Amino acid sequence: MILRKNLISVLYLPKRGMRELMFPMPELPNFDNVVVPENYKLPQLDPVPSPPNQTKVMKRPKKIEDIRGPELVHNRLLYKQYGIMALTGGFLFPSHINHIRNTINRYLKEEKSFAVWRIDAPWKPMTKKGIGKTLGGGKGNIYAYSTPVRAGRVLVEVGGKVEFEEVYRFLNSVCVTMPCMAIPVSEELIKQIEEEGRIRRENNINPLSYDFMYKNNIRGIQAMVTPYAAEWKGDFD
């Protein structure tokens with residue numbers, strides 16, 4: 001009881017009148033080096049590519065290799081702030097790109113925040129045949145163009161004089177509507193994920209790794225594993 005009275009007397013310093021707890025003030029972020037560009041909103045990307053000299057766009061095979069495996073180039077934040085990163089591969093159609101643009105531009109504020117694209121305009125032709133058509137007769141007609149992305153690709157970046165908690169809500173609302181799995185990320189979050197992966201690999205004491213089992217053909221695993229799974233050690237099937 002005596003200890004409780006002493007603790008109360010320390011926490012509540014004023015004896016009369018309003019009693020306030022003495023909490024330390026949080027450190028405020030510093031945005032002195034942040035420069036917001038004049039064109040701070042996302043521009044519209046052309047849904048149809050413009051071939052040179054009025055040539056006709058050639059049909060292409062579907063080529064799933066465009067979305068398999070990790071992204072090795074555009075997997076870092078150039079402005080070192082926030083963005084949206086894809087966790088799996090997929091094809092972004094003009095409807096998805098317009099949804100990203102309209103949602104993010106709605107929440108951007110002049111002289112405070114900005115956004116930039118990290119993907120190309122739709123360029124890959126996608127073909128299909130009409131309902132009820134019989135098989136054969138060649139490849140179908142082009143119905144839309146898409147932008148293929150791989151796992152780890154940064155789709156869009158958001159920056160300015162804002163914190164991650166301010167942009168997380170509308171970035172997450174964009175991620176749940178994407179054809180591939182995506183999450184809002186910050187520069188600190190990317191470094192934390194990489195550090196956790198490095199510590200997990202260094203502290204792994206299990207000798208039966210994916211690479212060891214595939215090279216030694218444990219239980220005939222080579223007959224059941226695709227070449228892409230063997231190349232990326234099961235991380236990107």
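Worth saying up front: this structure is predicted, and the values here are computed from it rather than measured.
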Shared hydrophobic cluster for [X] and [Y] (ILVMFWY, side-chain gaps under 4.5 Å):
| X | Y | answer |
| --- | --- | --- |
| Val154 | Leu171 | no |
| Leu108 | Leu78 | yes |
| Trp117 | Val36 | yes |

Is there side-chain contact between [X] and [Y], with at least one heavy-atom pair below 4.5 Å?
| X | Y | value |
| --- | --- | --- |
| Lys124 | Ser146 | yes |
| Ile84 | Ile183 | no |
| Arg153 | Asn75 | no |
| Pro94 | Tyr145 | no |

Not counting sequence neighbours, which residues clear salt bridge (charged side-chain N to carboxylate O under 4.0 Å, His left out) with Arg118? List them please. Glu157
Salt bridge (charged side-chain N to carboxylate O under 4.0 Å, His left out) with Lys215: which residues, sequence neighbours excluded? Asp211
Using the side chain to side chain donor-acceptor pair (under 3.5 Å) rule, collect all pairs that involve residues 76-92, keeping only residues at least two apart or in two chains. Arg76-Glu194
Would Lys161 pass as a cation-pi partner of Phe31, given that its NZ or CZ must be under 6.0 Å from the six-membered ring centre and within 45 degrees of the axis? no
Can you tell whether the side chains of Arg198 and Glu195 come within less than 4.0 Å, N to carboxylate O? yes
